[in-house]
Participant: 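Mind having a look at this structure? Questions to follow.
Since this is a predicted model, take the numbers as computed values, not measurements. Each chain gets a letter, A, B and so on, in the order its sequence line appears, and its residues count up from 1.
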Number of protein chains: 2
Amino acid sequence: MSRRILGIDPGSRITGFGVIDVVGSQRHYVASGCIRTPQGAPLAERLRVIAEHLFEVIETYRPQEAAVEQVFVNVNPAATLMLGQARGAVVTALVLRQLPVAEYTALQVKQSVVGHGKAPKEQVQAMVVRLLSLSGTPQADAADALAVALAHANHSHDALAALSSQGLRVKGGRLV
Amino acid sequence: MSRRILGIDPGSRITGFGVIDVVGSQRHYVASGCIRTPQGAPLAERLRVIAEHLFEVIETYRPQEAAVEQVFVNVNPAATLMLGQARGAVVTALVLRQLPVAEYTALQVKQSVVGHGKAPKEQVQAMVVRLLSLSGTPQADAADALAVALAHANHSHDALAALSSQGLRVKGGRLV
């Protein structure tokens, strides 16, 4: 049984996405990229670009689960509001396509992918390249999105393993 | 020719909506209400409720245009982020249903509906009741949403009037 996970790193200018397959303890790269919102365009147009591009990604790669990075709360209220709006468009697009949405902080992603929460961005990206056996380094936001997908793969794997060790057994991806 | 406008006052807990018809200088009440997001539920569930409820409103009343209040930028970053996410869900739902989206600040709404920007909330609500000949006062967020719809009706009317006075003529709602 393989699971396909869509990871997303939302941003007001660039939203990164990354798709991976999880087969047991193996993780395979499927696709990644970034959605650039037209700068200077009205808010409605920017959010439309994010939502419709995500619909295309979902239709093309058919993920079964989604994981979204919890955005950094900026000190500038206008920037925080804009980031919130972009993130709102992302999560709305995912739930309208019936995808379960998990959320991870940047700290959780770093801990899961690198092993400690203070890893610099470059180290996270290097681990993404290594864990997915990529031949080159993806664009920064796409790499962050792949890291979120990897964190979700580890987290849900750990959660199932924990349940399993408590006497529950996992069969065909379901608890029995 | 009549125009049907959907006004929205987004909020992280309650999102108000109001639908009005504009026939020349007349404004008629069509519907209003509020969408309550389940408190304590995960973000994805809260945004799903907002988007799907708005789809129902759009399907039921078939507005041709939408107007959204520009939210107050809170001093608390977490609250600002949540408000942004709710607003992102609102605007995404509107654009996915092909509605043109106009935005108005609270100041613009007050100026348009009451005549000055420092009017207290109660005075705005009283004007909404009067302008739409309502028999009772709607719930506060629904009244705010109706005020946004009224501001949009006035604003677009003024814009057409201004163009018209500059030598352009308006015929059947289009500039000729």
Side-chain angles (χ1 to χ4, degrees), chain A residues 6 8 10-12 15 35 37-38 41-56 58-59 65-106 152, chain B residues 6 8 10-12 15 35 37-38 41-56 58-59 65-106 152:
Chain A
L6 168 59
I8 298 178
S12 53
T15 290
I35 303 169
T37 49
L43 174 72
E45 175 59 14
R46 296 165 77 174
L47 300 191
R48 192 187 61 74
V49 167
I50 294 175
E52 292 192 343
H53 202 123
L54 276 183
F55 285 164
E56 272 179 43
I58 293 166
E59 206 167 310
E65 299 162 47
V68 181
E69 182 152 340
Q70 270 181 13
V71 288
F72 173 65
V73 173
N74 205 298
V75 283
N76 172 350
T80 304
L81 186 71
M82 188 54 222
L83 198 50
Q85 290 174 152
R87 196 164 192 273
V90 164
V91 173
T92 302
L94 297 172
V95 294
L96 290 178
R97 287 297 179 268
Q98 274 78 43
L99 285 175
V101 180
E103 298 184 76
Y104 298 94
T105 63
H152 181 57
Chain B
L6 168 60
I8 298 178
S12 53
T15 290
I35 303 169
T37 49
L43 174 72
E45 174 59 16
R46 295 165 76 174
L47 300 191
R48 192 187 60 74
V49 167
I50 293 175
E52 292 193 343
H53 202 123
L54 276 182
F55 285 165
E56 271 179 43
I58 294 166
E59 205 168 309
E65 299 162 46
V68 181
E69 182 151 340
Q70 271 183 13
V71 287
F72 173 65
V73 173
N74 205 298
V75 284
N76 171 350
T80 304
L81 186 71
M82 187 54 222
L83 198 51
Q85 291 174 153
R87 197 166 192 270
V90 164
V91 173
T92 302
L94 297 173
V95 294
L96 290 178
R97 287 298 180 269
Q98 274 78 45
L99 285 176
V101 179
E103 299 183 77
Y104 298 93
T105 62
H152 181 58

Participant: I'd like to verify something: which residue of B:Leu96, B:Asn76, B:Leu83, B:Val101 has the highest number of heavy-atom pairs under 4.5 Å with chain A?
Facilitator: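 Sorted descending by pairs with chain A, the first entry is B:Leu96.
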Participant: For chain A, which of B:Val68, B:Leu99, B:Val91, B:Thr80 has the most heavy-atom pairs under 4.5 Å?
Facilitator: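 Most heavy-atom pairs under 4.5 Å with chain A: B:Thr80.
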Participant: What part of A:Ala78 is in contact with chain B, defined as an atom under 4.5 angstrom from a non-hydrogen atom: side chain, backbone, both or neither?
Facilitator: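 Contact with chain B is through the backbone of A:Ala78 alone.
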Participant: Which atoms of A:Ile50 come close to chain B, meaning under 4.5 Å heavy atom to heavy atom: side chain ones, backbone ones, both, or neither?
Facilitator: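 Contact with chain B is absent: no heavy atom of A:Ile50 under 4.5 Å.
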Participant: Report the C-alpha separation of B:Leu43 and A:Glu103 in whole Å, then their side-chain angles, then the decisive distance to 0.1 Å, and conclude whether the side-chain contact (heavy atoms from CB on, under 4.5 Å) test is met.
Facilitator: CA-CA 9 Å; B:Leu43 174 72; A:Glu103 298 184 76; 3.7 Å; yes
Participant: Roughly how far apart are A:Gln85 CD and B:Leu81 CG, rounded to 0.5 Å?
Facilitator: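 Output value for this atom pair is 10.5 Å.
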Participant: Counting only non-hydrogen atoms closer than 4.5 Å, does B:Leu94 touch chain A with its backbone (N, CA, C, O), its side chain (CB onward), both, or neither?
Facilitator: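 Neither part; nothing is under 4.5 Å.
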